[in-house]
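Numbering of residues begins at 1 and proceeds along the displayed sequence.
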Amino acid sequence: MNYRPAAAKAAIFLSLVLVPGALYASGGSTGQCTCVDFEEDTRTVSGVTSSLEVERLRHTNSTLHKFIGNPNDIPPGNCRIIAHAWNIAVFLQAKDQAFINLLRASAGNSCKIAFERDSVANEEGTFDLVSVAPSP
């Protein structure tokens, strides 16, 4: 009997089942926070989560800027204006500096952001932002 086809099928099955889970497990953390500070020199936004934990999130050249589904879900005011500007910047594929300016404005107005960050902290205790967007 030839067991190679069965072994090959089993290997393919296991790779389809186990590998995506392993990749997901090694990824970063997702969350939401209210921005409270922005450090210019490190391009780091600090925020407070709903569980009162402080997140220090560093914008990098590889940070993905995501659309916010509906900026009008954010209450009227500066944070909604920032969210609309954010979506326009994403649509226009703006340079990183535009998003850094919007993160600075978000911190100045205590706006919320949704983020995904690396799971491993940098030396100074910040986490690199994988992706970010304004949040209601």
Out of the candidates T63, T60, N61, only one should pair with R43 under the side chain to side chain donor-acceptor pair (under 3.5 Å) rule; please name it. N61

For R80 and P71, which heavy atoms make the closest approach, and how far apart are they? CG-O, 3.5 Å

Going through the distances and angles, do I113 and C33 end up as a side-chain contact (heavy atoms from CB on, under 4.5 Å)? CA-CA 6 Å; I113 58 170; C33 66; 3.7 Å; yes

Donor-acceptor pair, distance only, cut-off 3.5 Å: does the side chain of E55 make one with the backbone of Q32? no

Check for me, please, whether F127 and V130 land in the same ILVMFWY cluster - side-chain distances under 4.5 Å, paths through other members count. no

For R56 and G125, work out which heavy atoms get closest and say how close. NH1-C, 4.2 Å

What's the shortest heavy-atom distance between V45 and C35, and which atoms? CG2-SG, 3.7 Å

Looking only at heavy atoms, what is the nearest atom pair of R58 and E124, with distance? NH1-OE2, 3.3 Å

Carefully, step by step, assess K66 and V90 under the rule side-chain contact (heavy atoms from CB on, under 4.5 Å). CA-CA 7 Å; K66 292 186 168 185; V90 171; over 6 Å; no

Would you kindly confirm whether F91 and L64 end up in one hydrophobic cluster when ILVMFWY residues are joined by side chain heavy atoms under 4.5 Å apart? no

H84 and I68: side-chain contact (heavy atoms from CB on, under 4.5 Å), yes or no, with the steps? CA-CA 8 Å; H84 279 286; I68 176 173; over 6 Å; no

Only residue of I82, I81, T34 satisfying side chain to side chain contact (heavy atoms under 4.5 Å, CB included) with N109 is I82

Main-chain N/O of L103 paired with W86 side-chain donor or acceptor, under 3.5 Å: no

Roughly how far, to the nearest 0.5 Å, is the OG1 atom of T42 from the NE2 atom of H59? 12.5 Å

In one Ile/Leu/Val/Met/Phe/Trp/Tyr side-chain cluster, 4.5 Å: V54, V132: no

For the pair C111/C79, is the SG to SG distance below 2.5 Å? yes

Does the side chain of T126 come within less than 4.5 Å of R117's, by heavy atoms? no

Nonpolar side-chain network containing L52, other nodes, edges under 4.5 Å: V36, V48

Sequence-distant partners of Q97, side-chain contact (heavy atoms from CB on, under 4.5 Å), two or more places apart: I100, N101, R104

With D128, the side chain to side chain contact (heavy atoms under 4.5 Å, CB included) member among V120, D118, T44, L57: D118

Drop me the distance from F115's CZ to S29's OG, to the nearest 0.5 angstrom. 7.5 Å

